[in-house]
Amino acid sequence: MKPIQTYSVVPKLPRNLKPLWDLAFNFWFSWNDKVEALFSRIDARRWRESDGNPVAFINAMSQQELTDLSNDQLFLDRLGETHADLMSYLGKTASAIDFKAREAGQPVVAYFSFEFGIAPSLPIYSGGLGILAGDHLKSASDLNLPLVGIGLCYQQGYFRQYLTPDAWQNERYPVYDFEQMPLTLVADEQGHPVQFALDYQGQGVTVQLWKAAVGRVALYLMDTNIAENPPEYRQLTTRLYGGDLEMRLKQEILLGIGGVKALAALGLTPSVIHMNEGHSAFAGLERIRVFMKHKGLPLEAAMELTASSCVFTTHTPVPAGNDRFPPDLMQRFFEPYARDMGLAFKVFLALGREDPRDDAEPFCMTVLALRLSRFNNGVSKLHGEVSRKMWERVWPQFPLEDVPIGAVTNGVHQPTWVADEMALLYDRFLGGNWREDPDCERVWRNAETIPDAELWRTHERLRERLVGFVRQRLRDELIARGARHKDIEAADDVLDPQALTIGFARRFATYKRANLLLRDKDRLLRLINDAGRPVQFIFAGKAHPRDNEGKRLIQELVQLCRSPECRNKMVFLPDYDMESAAYMVQGCDVWLNTPRVPLEACGTSGMKAMANGVLHVSTLDGWWAEAYRRDNSLGWAIGQGEIYDDPEHQDFVESQTLHTLLETDIVPEFYERGHGGLPRNWIRRMKRALFALGPVFNAHRMVEDYARMAYIPASENFRTLSAEGFAKARELAEWRMEMMTRWGGTAVRAVQAREAAGRLFVGEAVDVVCEVDLNGIAPEHVSVEIYAGPLDQDGSFTARKAKVMEPAGNTSDGWLRYAGMLKPGEPGRFGFTIRMLPRHPNLLDPRSLGLIRWA
Ligand SMILES: *Cc1c(COP(=O)(O)O)cnc(C)c1O
């Protein structure tokens, strides 16, 4: 029996408590401790049990409780203050980031992501990618960047992890009720839900939208779980990373194509689309289709316009982590779509192929995104390099160093991740500015002035809090498992609040090597059982439900944790999530990371730890390859970033290195206590890390980098190309076509440099000339360049600079002469060549045509 009509019943809030709703419905609460304190004040225990969800918390209050509260003047005063803070935050309009010609009330950037980690109470994330997206939105809000987020609203989110008695990971899928979460169903002025239709193989699917307010930024989440949709399509938004390949494709169609339609349905007209990972690459396609359909642009012009205003961030240095769909699956869903765009299906598939001529190659979302965006980046400098290597086949004519994929290193939203107690200390010694202006060196330099004793006591309190949290979680887990009373009681003996605590928490993917320390069990047991200088470990992390290898790693680890020699000194904390992550990155002494170089794109948990004064030990991968100092003054490195041929051997060497590092450096320094029981050297290191790394590895710096390098140029491109009925976009497309036809006939000859018997002095100039045939292309549309730099043993460039040459007359047979000069700056082998590239004032990146001519 089903009801004919359903309602959501909410408590009637007395008028003077109404501001509670505003606070509950803005995720601003996730980085403002005051709001949390307010809810905790109402009922601390119930608040703790509410998973940090203020909406469910209020909904569960009795009318009597509400009445009592509305008569509590002290509470009302606090409520008033906190509410005023929120209102003042929302009311600020000033921004340091200047988009010219920005339409009032309209976002400039739409940020698409498959997952978002904003707060524990909105569990639509799985790991680093989602948390990064959440932190991006929060910093965009703080910086007042006109940005809007687009994602999916998963009814069951990602799975919750629990362990069977034999330590095997099992998955639980609680069903979330969006009505009980800080989300609002988007409705129009008449109160009707805003909906739109999406086509799947001729089947119309209706999509509705939930809005999450993240400070000043709106995040719109698409939901297909609507009664009128066929059951299989209602399930589109059930689980994150659930289902098979076809489900993944359907979800990515929803994110990319649906996302662009959602913006239109909302009346939003952002000029820039940021695709966070390849999942959303169909957004580029849909934009092209819309420009063609609604603005009458030819395909080439629509593509130029789209690519010039799209930004793409790749996150996955592991080939298997990039989504690839078989051609026949693509055909089932995209044949009519391609036809609609006027593309032969083979040409359409080529957009997602590294080798466009290979009919067997699957369709890769990353390749599509790279082709549809003129700003492509990896998420750390090292990952930028790795990505250039990984995707060099997309730009077959270009040397590796010139593959157009750059790097913007990730950051974390510090106000979210810094512990309340530490934040109070920063407020006092760094000034309140550290929240708004965290990428300022001047602010973090003041970390030096925090008294050692205060910093240490605060840190110790956080370690204690972590130990308490771990005990509580283990207890809950044991109770849920129906464990014996004695075992439940024993959870209170786990860990020592005084001992050196090392944290390791991340996805259990094999390359992250959670079991690295376990390779030498004797050494590990000696380490944790040293009565004078005890060391303890907290592990946490999930394996993907279908990753049995990862589950085996967890099992091995958990069985060791449960063994008598390790019990109480090594624990596995089940169900790693944002909440446990926060406790861990705030309360550990050392944050351990052991990825096999170079497979960790960036890693952000170490940055969260660093911002809390937790020291980092890691292989030189991802962000740590940038942050680490050779003198070990900020933290430690396992190895020197070597890449081994034999992973087995590498694991052995690096596990030994790590043990030695712990035995000889880390443990002794932690227990070297001076006056007042303070580890002075350790504390000095904490402060130096805060001072040196705090201003760099944060999300404000990251979002400002994106704004400066990507968003502002992309929005300018859009403005230029779309002005006067898209005149410049059409012109650029025509120009591009002409280049494509004429380029094959261009040539470079007669390259000459003054020969100094092969020897040159540093700084000595050499004149270089050459002759080129442009095959009818106007000289202003090419750039003839000297490409020069030092050489390695094999005679390949180790670095290079391109220098534009100047026209220098004609030859008698109609070729053009060019002249330039080169000047080697350093002694050693040095070489040069000449290259020619297309050039156009509206072309963002000359490499995007894939055309180049080498001498
Ligand atoms: C920060 C965070 C991550 C990402 O951390 P990495 O260092 O990139 O592995 C994953 N999961 C949660 C819950 C986090 O808070």
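Source: prediction; values computed, not measured. Start at 1 and go down the list; that is how both ligands and their atoms are numbered.
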Discussion item. Less than 4.0 angstrom from a charged side-chain N to a carboxylate O is my criterion; do Arg596 and Asp651 meet it?
Written reply: yes
Discussion item. I need the contact residues for ligand 1: any residue with a non-hydrogen atom closer than 4.0 Å to the ligand, ordered by chain then number.
Written reply: Gly127, Gly128, Ile131, Trp417, Arg506, Lys512, Tyr576, Asp577, Met578, Ala581, Gly603, Thr604, Ser605, Lys608
Item to complete: Kindly write out the residues that satisfy salt bridge (Lys or Arg N to Asp or Glu O under 4.0 Å) with Glu421, not counting sequence neighbours, or none if the list is empty.
Response: Arg465
Response to the item:
From the list Trp444, Trp623, Trp417, ring-ring contact (aromatic ring centres under 6.0 Å, His included) partner of Phe697 resolves to Trp623
Item to complete: Any pair with a residue in residues 125-142 that passes salt bridge (Lys or Arg N to Asp or Glu O under 4.0 Å), sequence neighbours left out, goes on the list, sorted by first then second residue, please.
Response: none
May I have the list of side-chain donor-acceptor pairs in residues 118-129 shorter than 3.5 Å, sequence neighbours left out?
unit_1 : atom_1 : unit_2 : atom_2 : d
Ser121 : OG     : Gly52  : O      : 3.4
Tyr125 : OH     : Met578 : N      : 2.9

Worksheet item: Any ion pair linking Arg463 and Glu460 (charged N to carboxylate O, less than 4.0 Å)?
Response: yes
